[in-house]
Amino acid sequence: MRRFIICLIALLFPLSAAAAPDVSEFAQSPEWLKLLHYYKNFGSYKGLIHTQDFYISPDGRYNPEAELKAEIAEFATGESKCRFPARFNLLKDNGFVSGDLADCKEYQEFIKDVQPNGVTLLFTDAYMNNPASMFGHTLVRIDTARKGTQMLAHGSNFGVTSGADTGLAFILKGLFGGYDGKYSFNPYWTIINTYNNIENRDIWEYGINLTAEEQLKFVNHLYEMQEARIQYFFLTKNCSYMILELLEAVRPSLDLSSNYNYYAIPMDTLKTVRDVPELVGDINYRPARYTKIKYQLKQMSSEQYAAFRKGIKEHDYKMPNLSKTEQRQVLDTLYQYYQYRYTKGEMELKEYRQNSFAVLRKRSALSAAEELKPEGYDPSLSHGSAQVSFSGGVYNHKSFEQVTIRPAYTSLTDNNEGLIRGAGVRVTEIIGRYYNQNHKLVLQRFTGLAIYSLMPMDRVFMPYSYKTDFSLVREFNPQNEKEGTVGNIEFGIGKTLGLTERFWLYGMIDVHGQYGGLIPNNYWVGAAPEIGMYADFSPVRIHLAAEQTFATAKFGNRLQYKADVALGITRDLSLNFEFNASHNKRGHNQQEWLTAVKYSF
């Protein structure tokens, strides 16, 4: 009987005062701290979001416990719960509040419109024409439960609000936090149009394995982040970093962002997510329109290619010598080509309609066929973005050892599987050199930013190739026989001819300048025609270049040769052989040979 009475009391009074949830303890829990994006700042907490509307307590950004108490009090009266559905559900699940979100009209309309049924991480290839997107871009898609295509789904993008700023102002303000970042929601078809069709970037879709509860929490959290503003930094608090924060907010047991205090590259954050066991599910490749056209042209016979050329030149779509299957391939490619030119602004709407309708009329007379799609290489399997190399060599009969540290990203002769062939982006690369004869340690080079973008042209596409280089380099003055460090700037633009898919020749006109006390009159500027060759015979990759500089000072007049031959041993390890030579009209010639072991991680 006594045991029965005790059980009855326990049933009637299940929660004692001692079992009530502890506010102070919960305010320090990962569930609460990660959902509101708090981080440690010199021993105390600070919220990553700086807009006050994101918090209820006036001190909410700096006091997690005060914000928790304010939200409990606010939600108890029914106020503000509709603005913060993820927080309301979290506090409800932990016994702090009660009720539901059924009376939140705007929120319920949002859920009805989105119809969430999953979360997909999206990675877009590098966009070499935009400094903010040279490393690729990541965003998310809220998969929809609607029947049919995911084109009806919604995508969420964390982007910079830069206004009308462009060029150097845009780069500097983006690097030093001069802009805010915010989330936006858009139909997925508009995202496809922007990245796949307008910017011609391939998209990779990585399904994220979340429970149904986590999926709803993810969507609810994005809903309450719509008006949040975060100080945007190109290298740290960017699109990729914030995706890691979102996933941690939904599943607090994940530790994804802790290793990204100094820089966050989209490719690296993608690999971080991919490396979590069972977090990534299905993977889908969505090639850009440009990629598909190039691939389809490569599959054509000479007769098909001639018919394609005749179509775009003469708008004659008769192909009596081709089979119906071959005609379908040509007409499908022509239609995509006209779409490509129109979205690039190379064709007026009237001309586009005339050409595309003419092609569609011919195409409609033929049966449907499966689209020819290229197979991509998963970018999450590419080499590590950071690299260290150890080398030894000879400079003008003086032996040396050298260490190079490159935090990001890739060079022309690195393994390009999963990356863009012909693209090299090096950021904050440091080269330290030790000369054995005089026991001297010197800074050989510091590269702030160096880009090579080689895009081969053909009879259909004529893209430009370009290069830039902002660095500090070690130079020798033959007048006083002194060495020193000078500032170096280079910019070049030209064309690349693809003789085969993996063997290219290029030519550029470069503008080159240097500044420093070592140089006579402190500076020189000049123009330099450059020719080069790039070959990718994996595992061997070769880059050769020669340029003649005509400068305002004899110090800058020089003929330079460069050669870099890489032998890939693994994805991340290579053996490189390099040769550099410079012949100055003042009689000072330089020659350098080196062998390097490079490791990416």
Side-chain angles (χ1 to χ4, degrees), residues 14-15 20-23 26-27 29-38 47-49 51-57 60-61 64-120 140-146 152-156 158 182-188 208 210-230 242-243 245-253:
L15 290 178
D22 188 295
V23 172
F26 191 75
S29 68
E31 290 85 357
W32 181 249
L33 295 175
K34 290 188 176 183
L35 188 60
L36 275 79
H37 303 278
Y38 287 110
L48 192 62
I49 290 84
T51 39
Q52 182 56 43
D53 287 347
F54 187 74
Y55 309 96
I56 293 177
S57 168
R61 188 183 181 192
E65 185 173 343
E67 180 61 23
L68 176 58
K69 291 178 179 178
E71 293 195 15
I72 293 172
E74 192 93 351
F75 293 165
T77 65
E79 297 292 329
S80 298
K81 68 176 184 178
C82 298
R83 290 170 51 205
F84 305 116
R87 297 184 219 177
F88 174 80
N89 285 338
L90 176 66
L91 298 185
K92 178 183 175 181
D93 292 343
N94 285 274
F96 292 103
V97 298
S98 60
D100 56 44
L101 300 168
D103 58 340
C104 299
K105 182 179 179 181
E106 186 176 329
Y107 164 73
Q108 293 298 340
E109 288 178 351
F110 171 80
I111 293 296
K112 183 179 179 181
D113 181 43
V114 174
Q115 294 187 35
N117 191 39
V119 174
T120 297
V140 293
R141 185 184 73 203
I142 308 302
D143 300 342
T144 181
R146 290 188 179 97
L152 300 176
H154 285 72
S156 180
F158 181 75
K182 62 169 290 189
Y183 286 95
S184 61
F185 272 94
N186 295 289
Y188 189 50
I208 303 299
L210 300 178
T211 65
E213 182 183 353
E214 289 172 333
Q215 291 174 15
L216 181 59
K217 186 178 180 181
F218 191 98
V219 176
N220 286 346
H221 186 48
L222 277 177
Y223 179 82
E224 60 190 27
M225 291 283 283
Q226 289 182 91
E227 301 303 321
R229 298 293 184 273
I230 302 164
M242 290 310 301
I243 284 179
E245 288 256 347
L246 285 178
L247 291 173
E248 289 179 341
V250 171
R251 187 181 291 178
S253 60

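Since the model is a prediction, treat every value here as computed from it, not as a measurement.
Closest of all the heavy-atom pairs between I142 and A153 is O-CB, 3.3 Å. Heavy-atom minimum distance, I49 versus R61: O-NE, 3.4 Å. Minimum heavy-atom separation, L35 to H221: O-CE1, 3.0 Å. The minimum heavy-atom distance linking R146 with V114 is given by the pair NH1-O, 4.4 Å. When all heavy atoms of V97 and I72 are compared, the closest pair comes out as CG1-O, 4.0 Å. Taking all atoms of both residues into account, the shortest heavy-atom contact from Y55 to G47 is OH-CA, 3.4 Å.
In Q108, the CD atom is crowded: over 12 heavy atoms of neighbouring residues, nucleotides or ligands sit closer than 6.0 Å.
Not one N or O on the side chain of R251 forms a donor-acceptor pair closer than 3.5 Å with the backbone of L210. A donor-acceptor contact shorter than 3.5 Å is absent between the side chain of S57 and the backbone of A70. Of the possible donor and acceptor atoms, none in the side chain of Y38 sits under 3.5 Å from a partner among the backbone N and O of W32. Although no hydrogens or angles enter the test, the distance criterion places no donor-acceptor pair under 3.5 Å between the side chain of R141 and the main chain of G118. With E67 contributing its side chain and I56 its backbone, the two residues share a donor-acceptor pair below 3.5 Å. Side chain of K34 to backbone of E248: no donor-acceptor contact under 3.5 angstrom is found. At distances below 3.5 Å, at least one donor-acceptor pair connects side-chain atoms of K81 with backbone N or O atoms of D100.
Both tests do not hold together for R87 against F96: distance to the six-membered ring centre under 6.0 Å, angle to the ring axis within 45°.
In this structure, CG in D22 is found 12.0 Å from CG in N94, a value given to the nearest 0.5 Å. K182 NZ to I230 CD1: the interatomic distance, rounded to the nearest 0.5 Å, is 11.5 Å. In this structure, E79 CD and T77 OG1 are separated by 5.0 Å, a value rounded to the nearest 0.5 Å. For the atom pair NE2 of H37 and CE of M242, the computed distance is 5.0 Å after rounding to the nearest 0.5 Å. Between the OG atom in S156 and the OH atom in Y183 there is a gap of 7.0 Å [rounded to 0.5 Å]. Put simply, CG on D93 and CD on E213 are 6.0 Å apart, with the number rounded to the nearest 0.5 Å.
Between K92 and L101, the closest side-chain pair of non-hydrogen atoms is not below 4.5 Å. Put simply, the side chain of I111 reaches to within 4.5 Å of the side chain of P116, judged on heavy atoms. In this structure, P85 and E224 have side chains that are in contact, with non-hydrogen atoms separated by less than 4.5 Å. Counting only heavy atoms from C-beta outward, the side chains of E245 and F158 never approach each other to under 4.5 Å. The side-chain heavy atoms of L246 and F218, taken from C-beta on, include a pair separated by under 4.5 Å. Inter-residue side-chain proximity for E214 and I208 is flagged as unmet; no heavy-atom pair is nearer than 4.5 Å. Side-chain contact between M225 and F54 is present, with at least one heavy-atom pair separated by less than 4.5 Å. Between L33 and P64 there is a side-chain heavy-atom pair separated by less than 4.5 Å.
By the 4.0 Å N-to-carboxylate-O rule, K69 lies close enough to E65 to be salt-bridged with it.
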Walk me through it: do L68 and L91 pass the test side chain to side chain contact (heavy atoms under 4.5 Å, CB included)?
CA-CA 9 Å; L68 176 58; L91 298 185; 3.4 Å; yes
Applying side chain to side chain contact (heavy atoms under 4.5 Å, CB included) to L152 and Q115, what does each step give before you reach the verdict?
CA-CA 10 Å; L152 300 176; Q115 294 187 35; over 6 Å; no
If you apply the rule side chain to side chain contact (heavy atoms under 4.5 Å, CB included), what do you find for V140 with L222, and how did you get there?
CA-CA 10 Å; V140 293; L222 277 177; 4.3 Å; yes
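Under the 30°/60° scheme for interplanar angles, the aromatic rings of F88 and F75 are found to stand perpendicular.
Shown here are the ring-ring contact (aromatic ring centres under 6.0 Å, His included) partners of F110, two or more places apart in sequence or in another chain: F185, Y223.
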